Protein chains: 2
Amino acid sequence: MRDEAPWLDEAEMTTWLALIGVVMRLPGALEVQLRRDADLNHFEYSVLVGLEHAEGGTMRMSDLAFLCNGSLSRLSHVARRLENEGLIERFACPDDGRSTLARLTAPGRERLAQAAPGHVRLVRDLVFDELDDDETRQMGELAKRILARIQS
Amino acid sequence: MRDEAPWLDEAEMTTWLALIGVVMRLPGALEVQLRRDADLNHFEYSVLVGLEHAEGGTMRMSDLAFLCNGSLSRLSHVARRLENEGLIERFACPDDGRSTLARLTAPGRERLAQAAPGHVRLVRDLVFDELDDDETRQMGELAKRILARIQS
DNA sequence: CCTGCTTCATTGAACCTTCAACCAACCTAG
DNA sequence: CTAGGTTGGTTGAAGGTTCAATGAAGCAGG
């Protein structure tokens, strides 16, 4: 309850409405394409992408959850679904008995290949085709600083 | 399947990871405060705020759904909950028999007053304390242009 | 005026996420 | 070595969102 301005000024409000608009609508826009092309939602897609970029297609559940911006519980449920579909597999970590490792399977890579081209095209359509190089850098820097605050 | 670069370049990827990070994590961060201070989720809060800013605290369901960046179906479910709690009321539109109007009640305003100070403080903490005036304007402009593409 | 199309809104079922409880493995101070 | 705390992960239940179906009301052409 420190002495702060009671609400946002006009410039801040304009920015906030645009930002929250993107935040609320972007996931839905992405999921339409992912569902259509590969029957995945955005979180499932990011799990598969996360594993694809990892050494040996393998990552600890905790690290994967953080990378995908989701809770461990959420990942655990999603991993069960993905495992039942054969897109990933899980096994105990040899180094730490508490940890579980998740690995991308060959069918998982295939599914990713189904989704990726359309996904990239959409991301370009919605974001990068609108921004020049300098604006892209600018947006990245600002988002990164805001993200750092959210994560802290 | 037009001839496009197969994936994002490094600058684009950096920007995308930061942006999607904000998109995935911001709602959760906001909801912690709203749930604690007023037992609302972010969508419910934005519904109440939308009505508060409207003439006579009243708005058509469709317009409200668009303003809140949600589907009409989602709003319909949420409106039922809010109405059961007495925070809003719904009634037929006199001008158009298809439309329903939603109005903010006095208890709704009270609930909003419970949530708002903490919400503003949090929005400042996460976003505007990190940005100077020029960056705020910059972010607003970029987000607005991206949002326009998502909405189209 | 009546037929078919579109808009506005609600509903139930399926699905997904969150929350809290739980358990096992690790770590560390005494 | 062991009791207590921390970390990593899973689970079931509760709650929220999406999707498709439904229906009422408006509108436009013949």
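None of the values given here were measured: they were computed from a predicted structure. Note that these values count all heavy atoms, side chains included, but never hydrogens, waters or copies made by symmetry.
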Worksheet item: Atom CG of B:Asp39 and atom C1' of C:dT18: how far apart are they, to the nearest Å?
Response: 14 Å

Worksheet item: Between B:Arg74 (CZ) and C:dT11 (C1'), how many Å, whole number?
Response: 17 Å

Discussion item. Counting only heavy atoms not in B:Asp63 (residues, nucleotides, ligands), do more than 12 fall under 6.0 Å from its CG?
Written reply: yes

Worksheet item: Counting side-chain heavy atoms from C-beta on, which of C:dC26, C:dC16, D:dT17 comes nearest to A:Arg35?
Response: C:dC16

Discussion item. Reading DNA chain C from 5' onward, which residue's closest nucleotide shows up sooner: B:Asp63 or A:Asp95?
Written reply: B:Asp63

Worksheet item: What's the closest nucleotide to the A:Leu72 side chain, out of D:dA20, C:dA13, D:dG8?
Response: D:dG8

Item to complete: Remember a base hit wins even if backbone is also touched, and classify B:Ser76 as base, sugar-phosphate or nothing at under 4.0 Å, heavy atoms.
Response: base

Worksheet item: Under 4.0 Å: is that the gap between some side-chain N or O of B:Arg81 and OP1 or OP2 of D:dT17?
Response: yes

Item to complete: Please name the pair of heavy atoms, one in A:Arg111 and one in A:Ala38, separated by the smallest distance, quoted to 0.1 Å.
Response: NH1-O, 2.9 Å

Worksheet item: What is the distance from CZ of B:Arg90 to C1' of C:dA9, rounded to the nearest Å?
Response: 9 Å

Discussion item. Using the side-chain heavy atoms of A:Asn41, tell me which of these nucleotides is nearest: C:dT17, D:dT17, D:dT10.
Written reply: C:dT17

Discussion item. Angle between ring planes, A:His119 versus A:His42, binned at 30° and 60°: parallel, tilted or perpendicular?
Written reply: tilted

Worksheet item: So does B:Ser71 get a side-chain nitrogen or oxygen closer than 4.0 Å to the phosphate oxygens (OP1/OP2) of D:dT18?
Response: yes

Practice prompt. Check every strand shown and say whether B:Ser99 touches a base, only sugar-phosphate, or nothing at a heavy-atom separation below 4.0 Å.
Written response: sugar-phosphate

Fill in: First encountered from the 5' end of DNA chain D, between A:Thr100 and A:His77
A:Thr100

Worksheet item: Could you give the NE2-to-P distance, from A:His42 to C:dT17, as a whole number of Å?
Response: 12 Å

Worksheet item: Is A:Glu85 salt-bridged to A:Arg81, going by a charged N under 4.0 Å from an acidic O?
Response: no

Discussion item. For B:Asp9, I'd like to know if atom CG has over 12 heavy atoms of other residues, nucleotides or ligands within 6.0 Å.
Written reply: yes

Worksheet, complete the sentence: Heavy-atom nearest nucleotide on DNA chain C taken for A:Gly97 and for B:Arg60; more 5' hit belongs to B:Arg60

Fill in: Minimum-distance nucleotide (side-chain atoms of B:Arg98 versus D:dG8, C:dT6, C:dT10)
C:dT6

Fill in: Donor-acceptor pair under 3.5 Å, B:Ser73 side chain vs C:dT10 base
no

